[in-house]
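Working notes, structure below.
Proteins come first, then strands; the chains are lettered A, B, ... in the order of their sequence lines, and each starts at number 1. None of these values were measured; they are calculated from a predicted model.
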Amino acid sequence: TQSSAVVETILSCCRPQYHSPLAARCYSHGKQETDEEFDARWITYFSKPDIDAWELRKGMNTLIGYDLVPEPKILDAALRACRRLNDLASAIRILEAVKDKAGPHKEIYPYVVQELRPTLSELGIPTPEELGIDKA
Amino acid sequence: MLRLTAGRLGSLLSRRAMAPLSISNTRMASHGHEVSEQADMSVPLYWDRRDTPLPDRPYQDTLSDADKSLKQKEKGPWNGLSNEEKLALYRIMFKETYAEMKKPSNEWKTVVGGILFFIGITGLVVLWQRIYVYPPPPHTFDEEWEAKQVKRMLDMRVNPVQGFSSKWDYEKGQWK
């Protein structure tokens, strides 16, 4: 139900974020985390107002370690975290990492950039293509 | 490893000849033998890794004054930065871009070339061996002996159904 989802999200803010995500474990028993829960958890992580640089790095490195390309809304929260930390370079690095994560699926990255375009324009984050660093 | 210390080498050779070895002298003086440089693993490291985009520390630790003022500017709106400034900020933080990290090298050509080269050398060794090392072949390989051997096998009817002798036409006295 909606109220229980809201309670889950609030509780997940208070809960210390050191446990491994449910989605990464192949339990035959126990509740499987849905995609929405996964996304919500990560958005909450990056949306912490006083997130510090270590938490940003840890979060991004962990997220990139998963077998998935993060949803644009998670990346939006991560880019805003970079803004709070005054770290433009990491924001560009995140975009590079997303493109690399997509691997052979070349249609994913343009989609992500398209979804993030309002945020990129608002914060003034260039894409690697705009800086010309997408080619060696 | 070298047994001579820097001091002994210095007295044996002139100062000028020692110049190329002088870099290792400082290490040799403290250790008594050559030690290779090792990264200090007790401090945050930098890395360029595709699977770990944000390393523990920025690439450039010590910033020039221009870089420092750029870092100050970074605290304001990023829309006010030019593309060159944004690129400079990236390069302060990171050594290689993802594209540079993923760039293929030509190492495979060296490896394949090396393999073929050493196979070639092996071929030459085998050839030399064949000519200079092998003793003369046994007399049972002479043409005359082998002809007699074939005749004996046919007379014995070796494998007459589907094998050796089945290929010989006994009426006509020739191979089928």
Side-chain angles (χ1 to χ4, degrees), chain A residues 46 51-70 75 78-104 109 117-136, chain B residues 39 41-109:
Chain A
F46 284 117
I51 194 173
D52 66 37
W54 184 92
E55 285 173 344
L56 171 69
R57 290 198 302 273
K58 174 67 180 170
M60 264 333 293
N61 291 337
T62 309
L63 190 58
I64 294 295
Y66 295 151
D67 184 18
L68 50 84
V69 180
L75 298 168
L79 294 176
R80 290 186 187 281
C82 290
R83 175 63 269 190
R84 291 197 293 285
L85 289 163
N86 300 320
D87 191 352
L88 174 62
S90 294
I92 304 170
R93 192 74 154 181
I94 289 170
L95 293 175
E96 283 189 294
V98 166
K99 184 174 180 190
D100 186 54
K101 272 312 276 190
Y109 177 69
R117 188 47 71 188
T119 308
L120 296 177
S121 313
E122 178 198 329
L123 298 177
I125 301 172
T127 64
E129 290 72 31
E130 285 162 17
L131 288 182
I133 58 173
D134 59 319
K135 305 266 179 287
Chain B
M41 300 287 283
S42 65
V43 295
L45 297 176
Y46 177 80
W47 58 72
D48 280 312
R49 284 187 63 124
R50 288 172 56 192
D51 60 2
T52 322
L54 304 178
D56 286 341
R57 69 163 177 87
Y59 178 54
Q60 305 283 12
D61 262 349
T62 48
L63 302 177
S64 67
D65 287 332
D67 287 341
K68 282 190 190 139
S69 62
L70 190 55
K71 279 299 213 181
Q72 278 299 110
K73 211 173 164 194
E74 198 183 13
K75 294 182 182 169
W78 292 337
N79 279 309
L81 296 165
S82 70
N83 270 5
E84 287 76 27
E85 288 174 320
K86 291 177 182 176
L87 191 53
L89 284 167
Y90 184 92
R91 289 293 183 187
I92 291 171
M93 217 35 188
F94 301 111
K95 179 169 176 251
E96 287 190 317
T97 68
Y98 264 66
E100 285 161 4
M101 259 192 257
K102 292 164 73 166
K103 192 176 56 179
S105 79
N106 286 327
E107 190 188 4
W108 70 272
K109 295 178 192 168

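Atom CD1 in A:Ile94 sits 6.0 Å away from atom CG in B:Leu54 (nearest 0.5 Å). If you take CH2 on B:Trp78 and CG on A:Asn86, they are separated by 7.0 Å, rounding to the nearest 0.5 Å.
Contacts of B:Lys75 with chain A are made by both backbone and side-chain atoms, with heavy-atom separations under 4.5 Å. For B:Lys71, no part lies under 4.5 angstrom from a heavy atom of chain A. Of the two parts of B:Asn83, the backbone and the side chain both hold a non-hydrogen atom closer than 4.5 Å to a non-hydrogen atom of chain A. For B:Glu96, the part lying under 4.5 angstrom from a heavy atom of chain A is the backbone only.
No other option in A:Glu122, A:Lys101, A:Lys135, A:Arg83 has as many heavy-atom pairs under 4.5 Å with chain B as A:Arg83. Taking A:Arg57, A:Glu130, A:Lys58 one by one and counting their heavy-atom pairs under 4.5 Å with chain B, the maximum is reached by A:Arg57. Highest contact tally toward chain A, considering only B:Glu100, B:Lys103, B:Lys86, B:Arg91, is held by B:Lys86 [criterion: heavy-atom pairs under 4.5 Å].
Within a 6.0 Å sphere centred on CG of B:Asn79, heavy atoms belonging to other residues, nucleotides or ligands number more than 12. Surrounding CZ of B:Arg49 are at most 12 heavy atoms belonging to other residues, nucleotides or ligands under 6.0 Å away. Applying the 6.0 Å contact sphere to NZ of B:Lys102 captures more than 12 heavy atoms from other residues, nucleotides or ligands.
No donor-acceptor pair under 3.5 Å is formed between the side chain of A:Asp134 and the backbone N or O of B:Ala99. Side-chain N or O atoms of A:Arg93 include one that pairs as donor or acceptor with a backbone N or O of B:Pro53 at under 3.5 Å. Judged purely by atom type and a 3.5 angstrom limit, A:Glu96 has no side-chain atom pairing as donor or acceptor with the backbone of B:Thr97.
In this structure, the side chains of B:Leu81 and A:Leu88 come closer than 4.5 Å at one or more pairs of heavy atoms.
Residues A:Ser90 and B:Met93 approach most closely at OG-CE, 3.8 Å, considering heavy atoms. Residue A:Ile64 comes nearest to B:Arg50 through the heavy atom pair CG2-O, 4.2 Å, listed as atom of the first residue, atom of the second, then distance.
Screening A:Ile133, A:Asp100, A:Leu95 for a side-chain contact (heavy atoms from CB on, under 4.5 Å) with B:Tyr98, the sole residue that qualifies is A:Asp100.
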